[in-house]
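Side chains included, hydrogens not; waters and symmetry mates left out as well; all remaining heavy atoms used.
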Amino acid sequence: MARSLYIRADGNPEIGMGHISRCIALANMLKGEFVPLFYMKESVAVKLVQSSGFNVVLLETEVEFIATLKGREVVVLDGYHFHSSYQVEIRNRGSLLICIDDLHNGKFEADIIINHSPGASVRDYETASHSKLLLGLDFALLRPAFLENAISKRPVVPVDCILICFGGSDQMNLTTSIVKVVLKYASMLKKILIVTGAAFAHTASLESEIGKVETVKHFHNVSEQTMIEIMQEAQAAIVQSSGILIESIAMKLINIAGYYVNNQIETYNGFVKLNSIIGVDNFDLLKVDKALSDVLIEQKWSVKFDLIDGQSGRRTCGAILSSYISRYMEIRRATLDDSSQYFEWANDPDVRKNSIGTEKIEWLTHTGWFETRVQSEKSQLFVSSCDHEMIGQVRFEREDEKWIIGFSIDKKFRGLKLGTQLVKKAITMLRKYSSLPICATIRDANISSLRIFEILRFSKSHSEQGYTYYILN
């Protein structure tokens, strides 16, 4: 069953293209598990989204968007006008809600808030009790090629090629102002590479400033691959403190960076604190000139490069998939038709390793055991699924006046922290007709399982010979 991902964001010369760019990055991270579809009011960025391989629905009103929600969709909002009441309305439709943010204004009702600024902190946010925060560069919203390049090393060489880029719109035309300063150092540079975005409206003034300087090359509305190639050619960049800076840091350039709107200040301060940029505050031209002199003449700079490990796509997708499955997971009693699935689970190497009996189970042994357990009142077997995929199982065995619990997660879904929700749902099912204590025996080496029973408020009774024993009355 295809999982729907509805992305609501806009971009234009006034608000810039940053909302769209980071949503495209997120869509690429999630497209292996979800089917992305963009909903937009502005047509300016439609080609950008479509060229990235995603479909777009144009809206006239927000009411129209809300009406498309039927429940179980993942909805992404990226924009400062999507206030708490709007977020509540989306969640009330049964959707899982994600907000991409960089200002932390007002209360958030979303299930997940993503802010990849290195300056973001949990203390900045007022959230609902169900909200999960994905903060900092561990969740950097980068397009695939940038994530791939973030893993590789890059030799430090003298700077003879510099990139100037101020995102998708550059409504203040900082590009032209900065070019004037950089041209003072043209004799020291083999190339000056300028990139402007789809919504840049100052081409005439920029071209007039560039004139016929042979070392300057202007690119407009480039593809992801072309941007990668440009950044690979340059050794330094002058960029704003937004997504373009995070991309440039992933490419390990020497970055001269500043801010010119409020939502860039947190990112700017975060990178300054990490000593990973040469800061020029609000692009004070004297400070830009000084930074260029330090880099090109004095060759005096010291910035950290290895801040982005290229794994943010995996982390972000895992966190979102975990929240989705936890919310929409279903649980039922096992039947004889589940025998093959249980056999596969039982003989998984990791399951056997963490079991009291570690030897492989034979099919005939399993079928006899499974049929007995399904039919016995002293055994309670539950299976969970989501979107017709099997997630895992929980088994309760009656011994005297207590239940012994055991569980396992399908290998496809391990590492998503689903065990707590799975066990909690199974206990809720069991408690409908039995109030006897529940006991668990966990290998001390199985840290994730130990944590699950502590979260679910099981009491630790004792430990011995490499096992910890828990009880829930």
Side-chain angles (χ1 to χ4, degrees), residues 5 7 9-13 16-38 40 42-56 76 78 100 114 116 137 139-154 161-170 175 191 193-200 217-253 255 257 267 305 307-317:
L5 177 68
I7 299 175
D10 290 307
N12 60 41
M17 304 297 284
H19 301 292
I20 298 297
S21 296
R22 58 194 185 190
C23 283
I24 290 173
L26 181 61
N28 275 300
M29 291 175 171
L30 300 181
K31 66 183 181 181
E33 298 290 345
F34 300 86
V35 179
L37 179 60
F38 281 71
M40 304 163 63
E42 304 281 352
S43 61
V44 176
V46 167
K47 287 185 178 179
L48 176 60
V49 174
Q50 291 175 335
S51 66
S52 299
F54 303 111
N55 293 324
V56 178
V76 177
D78 193 344
I100 301 177
I114 303 174
H116 63 186
L137 295 176
F139 301 97
L141 297 177
L142 290 168
R143 291 174 287 176
F146 292 97
L147 289 173
E148 183 178 343
N149 276 273
I151 301 171
S152 62
K153 298 292 182 181
R154 185 171 184 172
C161 177
I162 194 164
L163 163 67
I164 302 169
C165 182
F166 285 89
S169 63
D170 185 15
T175 301
K191 287 185 180 180
L193 307 177
I194 303 168
V195 177
T196 54
F200 183 70
K217 191 167 185 180
H218 177 205
F219 302 83
H220 180 70
N221 195 23
V222 301
S223 68
E224 176 184 359
Q225 185 55 42
T226 300
M227 193 65 180
I228 289 287
E229 292 168 2
I230 291 169
M231 287 187 168
Q232 287 174 334
E233 189 170 6
Q235 301 91 27
I238 304 177
V239 294
Q240 65 190 24
S241 298
S242 63
I244 182 64
L245 173 57
I246 294 177
E247 289 179 346
S248 189
I249 285 176
M251 296 296 295
K252 300 176 176 63
L253 274 70
N255 288 288
T267 298
F305 290 110
L307 298 176
I308 298 173
D309 62 6
Q311 300 301 313
S312 59
R314 177 186 58 79
R315 290 189 197 96
T316 304
C317 184

Practice prompt. Could you tell me whether the side chain of L5 reaches within less than 4.5 Å of the side chain of K31, counting heavy atoms only?
Written response: no

Discussion item. I'd like to check T196 versus D170 (side-chain heavy atoms, cut-off strictly below 4.5 Å). Are they in contact?
Written reply: no

Practice prompt. Kindly give the heavy-atom pair with the smallest separation between E42 and D10, and that separation in Å.
Written response: N-OD1, 3.1 Å

Worksheet entry | N221 and M17: CA distance, side-chain angles, deciding distance, side chain to side chain contact (heavy atoms under 4.5 Å, CB included) verdict | CA-CA 11 Å; N221 195 23; M17 304 297 284; over 6 Å; no

Worksheet item: Does any non-hydrogen side-chain atom of M40 lie less than 4.5 Å from one of N12?
Response: no

Worksheet item: Can you name the nearest heavy-atom pair linking F166 to V239, along with the distance?
Response: CE2-C, 4.3 Å

Item to complete: To the nearest 0.5 Å, tell me how far L48 CG sits from I24 CD1.
Response: 4.0 Å

Item to complete: Answer whether the closest heavy-atom distance between the side chains of F219 and L193 falls below 4.5 Å.
Response: yes

Fill in: Interatomic spacing from CD in E229 to CD in E233 - rounded to 0.5 Å
9.5 Å

Worksheet, complete the sentence: CZ of F146 to CD1 of I249, rounded to nearest 0.5 Å, is 12.5 Å

Worksheet item: With distance as the sole test, does E33 use its side chain to make a donor-acceptor pair with the main-chain N or O of C317 at under 3.5 Å?
Response: no

Fill in: Donor-acceptor contact below 3.5 Å, side chain K191 vs main chain I162
no

Discussion item. Is any side-chain heavy atom of V44 closer than 4.5 Å to one of I20?
Written reply: no

Fill in: Donor-acceptor pair, side chain of H19 and main chain of A9, under 3.5 angstrom
no

Worksheet item: Pairs in or reaching into residues 43-55: which pass side chain to side chain donor-acceptor pair (under 3.5 Å), with residues at least two apart or in two chains?
Response: none

Item to complete: Report yes if the side chains of Q232 and N149 come closer than 4.5 Å at any heavy-atom pair, otherwise no.
Response: yes

Fill in: Residue pair L147 / R314, side-chain heavy-atom distance below 4.5 Å
no

Discussion item. Using 30° and 60° as the class boundaries, would you call the ring planes of F200 and H220 parallel, tilted or perpendicular?
Written reply: tilted

Worksheet item: With respect to F54, which candidate in I7, V35, N28 satisfies the side chain to side chain contact (heavy atoms under 4.5 Å, CB included) definition?
Response: N28

Worksheet item: Do you know the tightest heavy-atom contact between S241 and A257?
Response: OG-CB, 4.1 Å

Discussion item. Tell me whether R154 contacts the main-chain N or O of M251 through its side chain, where contact means a donor paired with an acceptor under 3.5 Å.
Written reply: yes

Item to complete: Find out whether F305 and K153 are in side-chain contact, i.e. whether some heavy atom of one side chain is under 4.5 Å from a heavy atom of the other.
Response: no

Discussion item. Run the side chain to side chain contact (heavy atoms under 4.5 Å, CB included) test on R315 and D309 for me, step by step, so that the C-alpha distance in whole Å, both residues' side-chain angles and the decisive distance to 0.1 Å come before the verdict.
Written reply: CA-CA 11 Å; R315 290 189 197 96; D309 62 6; 2.3 Å; yes

Item to complete: Could you check I230 against K217 for side chain to side chain contact (heavy atoms under 4.5 Å, CB included), going step by step and ending with a plain yes or no?
Response: CA-CA 10 Å; I230 291 169; K217 191 167 185 180; over 6 Å; no

Fill in: Rounded distance (nearest 0.5 Å) linking atom CD1 of I238 with atom CD1 of I194
10.0 Å

Worksheet item: What heavy-atom pair brings M231 and I244 nearest, and what distance separates the two atoms?
Response: CE-CD1, 3.6 Å

Discussion item. Would you compute the distance between atom CG of L26 and atom CD1 of I100 and round it to the nearest 0.5 angstrom?
Written reply: 5.0 Å

Worksheet item: At their closest point, which heavy atom of I246 faces which heavy atom of A140, and how far apart are they?
Response: CG2-CB, 4.1 Å

Worksheet item: Which pairs count as salt bridge (Lys or Arg N to Asp or Glu O under 4.0 Å) when at least one residue sits in residues 234-251, sequence neighbours excluded?
Response: R143-E247

Discussion item. Under a 3.5 Å distance rule, please check whether D78 uses its side chain to pair with a backbone N or O of C23 as donor and acceptor.
Written reply: no

Item to complete: Tell me, with the steps shown, if S242 and Q240 meet side chain to side chain donor-acceptor pair (under 3.5 Å).
Response: CA-CA 6 Å; S242 63; Q240 65 190 24; 2.8 Å; yes

